[in-house]
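Encoded as structure tokens, the structure appears first; notes follow it.
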Amino acid sequence: MLKVEHITKYYDQNKAVDDLSFEVEDGKIFGLLGVNGAGKTTTFRMIIGLLEPTSGKITLDGKPIDYNVTDTIGFLTEERSLLTKLTVKEQIIYYGTLKGMKEKEILKRLDEWLKRFHIEEYKDRKIKELSKGNQQKVQFISAVINNPKLLILDEPFSGLDPINVEMFMEAIKDFKKRGSSIIFSSHRMEHVEMFCESLVILVKGKSVLEGELKQIKKDYRKKNIHIKGNVDIEALKKTKGVLDVLENADEIIVKIEDDSYIDNVFGVVKKGKEITQFSVEDPTLNEIFLSKVGEAYEK
Ligand code: ATP
């Protein structure tokens, strides 16, 4: 288990991370979310020991993270750091050796990964000759070649097309099944929503929301009612508890303050015609994220 306890990091006078604490259990996927400059990369760098926290403590299975345990960690950096003049094979041998692996084992795992990512033909090609997406696959392979116990992924999906996003997600889920702890950052809430179990939202280095995704959604009082049919929009807008009414191409979304206003909205909808849908849904993580980040900036 990864345990981050009250870490704070200053760059000179600038507080980049402010008293941050969280835990990532084995076999769990944890999301570290925040806008640009929120402190995500700084947090990752402290976890892998590239930066020393100004105060606070980070441990993996109860032990401090130093060179004794770094062989069990995999890190995908945000700035892609491939040695572009090397071939894919040379690059992965380089990273695998750094992690204390034998060449035979590295090459065996490399072949498996290249096959899985459908890039077997690039094994002896120079990295610079690969497309951006394929370079990212190689970067991912270099982060996981040692079958890490703790996998840290800084913006793993940036620049990937949907097919490759899916492929990365499947690979990450396999690490979860094997019991690895996974922590990743993203700006894309739909990615987080698809496979992360717990999360923390950072604003200016400070946590403004943390916990299990399911619980966060449950606790968030505002709800969305999705309606299909002919309804008096103006009447909906004037209904008590209604915050907003969105008219999309094929449905109406009514945002309400909380569950207690569902009846009021239903009262208006049942006077409508050709109603084929009335469903109350939790807000998207994106809505929660925007509202929490907005609130924090207003303070
Ligand atoms: P992004 O999503 O843009 O990558 P981030 O959430 O990863 O952002 P960080 O890169 O951790 O954020 O930056 C947090 C804060 O620390 C910012 O105010 C940034 O300007 C500052 N910062 C980051 N690295 C350094 C550094 N090496 N020296 C000084 N200040 C830094």
Side-chain angles (χ1 to χ4, degrees), residues 2-24 29-60 65 70 73-82 132-133 135-136 139-140 142-143 148 150-160 164-165 168-169 172 181-196 198-211 213 216 284-299:
L2 173 72
K3 208 165 178 180
V4 170
E5 295 171 87
H6 302 289
I7 52 165
T8 293
K9 177 71 188 173
Y10 278 92
Y11 293 109
D12 295 325
Q13 302 298 314
N14 179 15
K15 204 191 257 184
V17 175
D18 186 359
D19 193 25
L20 179 64
S21 299
F22 59 85
E23 290 177 4
V24 189
I29 303 180
F30 185 89
L32 189 60
L33 317 180
V35 295
N36 293 127
K40 304 179 295 291
T41 302
T42 302
T43 302
F44 286 150
R45 290 197 173 136
M46 288 191 279
I47 294 173
I48 57 167
L50 272 179
L51 275 178
E52 186 77 19
T54 310
S55 59
K57 195 169 138 193
I58 302 171
T59 51
L60 182 62
I65 298 184
T70 45
I73 299 176
F75 183 35
L76 179 77
T77 56
E78 189 187 26
E79 63 287 346
R80 304 300 176 224
S81 57
L82 294 169
K132 243 175 122 185
Q135 287 190 12
Q136 195 153 336
Q139 177 110 31
F140 184 87
S142 63
L150 172 65
L151 181 55
I152 299 169
L153 306 164
D154 202 351
E155 291 286 342
F157 310 116
S158 71
L160 289 182
N164 285 323
V165 167
F168 269 40
M169 280 190 180
I172 296 167
S181 313
I182 297 136
I183 169 165
F184 80 106
S185 69
S186 184
H187 299 111
R188 301 281 297 271
M189 295 305 131
E190 71 273 27
H191 292 156
V192 179
E193 204 151 19
M194 270 158 90
F195 81 151
C196 136
S198 30
L199 58 92
V200 55
I201 296 179
L202 285 182
V203 175
K204 296 180 196 159
K206 216 174 170 48
S207 160
V208 293
L209 185 68
E210 58 193 276
L213 178 60
I216 286 174
T284 62
L285 184 58
N286 202 39
E287 284 175 76
I288 301 176
F289 178 82
L290 291 174
S291 119
K292 285 291 163 190
V293 172
E295 270 173 26
Y297 275 102
E298 279 159 21
K299 272 177 198 160

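Order of listing sets the numbers, starting from 1, for every ligand and every atom in it.
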Looking only at protein heavy atoms, identify the closest one to [atom] and say how far it is in Å.
atom	value
atom 2 (O) of ligand 1	Lys40 NZ, 2.8 Å
atom 28 (N) of ligand 1	Tyr11 CD2, 3.5 Å
atom 10 (O) of ligand 1	Thr41 CB, 3.8 Å
atom 12 (O) of ligand 1	Gly39 N, 3.1 Å
atom 9 (P) of ligand 1	Thr42 OG1, 3.6 Å

TODO: Would you check the N or O atoms of Gly34, main chain and side chain alike, for any that come under 3.5 Å of an N or O of ligand 1?
DONE: no
Task: Contact (N/O only, under 3.5 Å) between Gly37 and ligand 1 - done: yes
Task: Side chain, backbone, both or neither: Asn14 near ligand 1, heavy atoms under 4.0 Å - done: side chain
Task: Minimum side-chain heavy-atom gap Glu155-Leu76 below 4.5 Å - done: no
Open item on the list: Are Val4 and Ser21 packed together at the side-chain level, in the sense that at least one heavy-atom pair is separated by less than 4.5 angstrom?
Closed with: no
Open item on the list: Just by distance, no angles: are the side chains of Gln139 and Ser142 close enough, under 3.5 Å, to form a donor-acceptor pair?
Closed with: no
Open item on the list: Give me the atom names and distance for the closest heavy-atom approach of Ile182 to Val24.
Closed with: O-CG1, 3.8 Å
Task: Proximal atoms of ligand 1 relative to Asn36 (non-hydrogen, under 4.0 Å) - done: 1 (P), 2 (O), 3 (O), 8 (O)
TODO: Going by the side chain to side chain contact (heavy atoms under 4.5 Å, CB included) test, name the single residue among Leu33, Val208, Val35, Thr43 that passes it with Leu202.
DONE: Thr43
- [ ] Could you walk me through whether Thr8 and Asp18 pass side-chain hydrogen bond (donor to acceptor under 3.5 Å, both in side chains), step by step?
- [x] CA-CA 5 Å; Thr8 293; Asp18 186 359; 4.6 Å; no
TODO: Report the relative orientation of the aromatic rings in Phe157 and Phe184; use parallel for angles under 30°, tilted for 30 to 60°, perpendicular for over 60°.
DONE: perpendicular
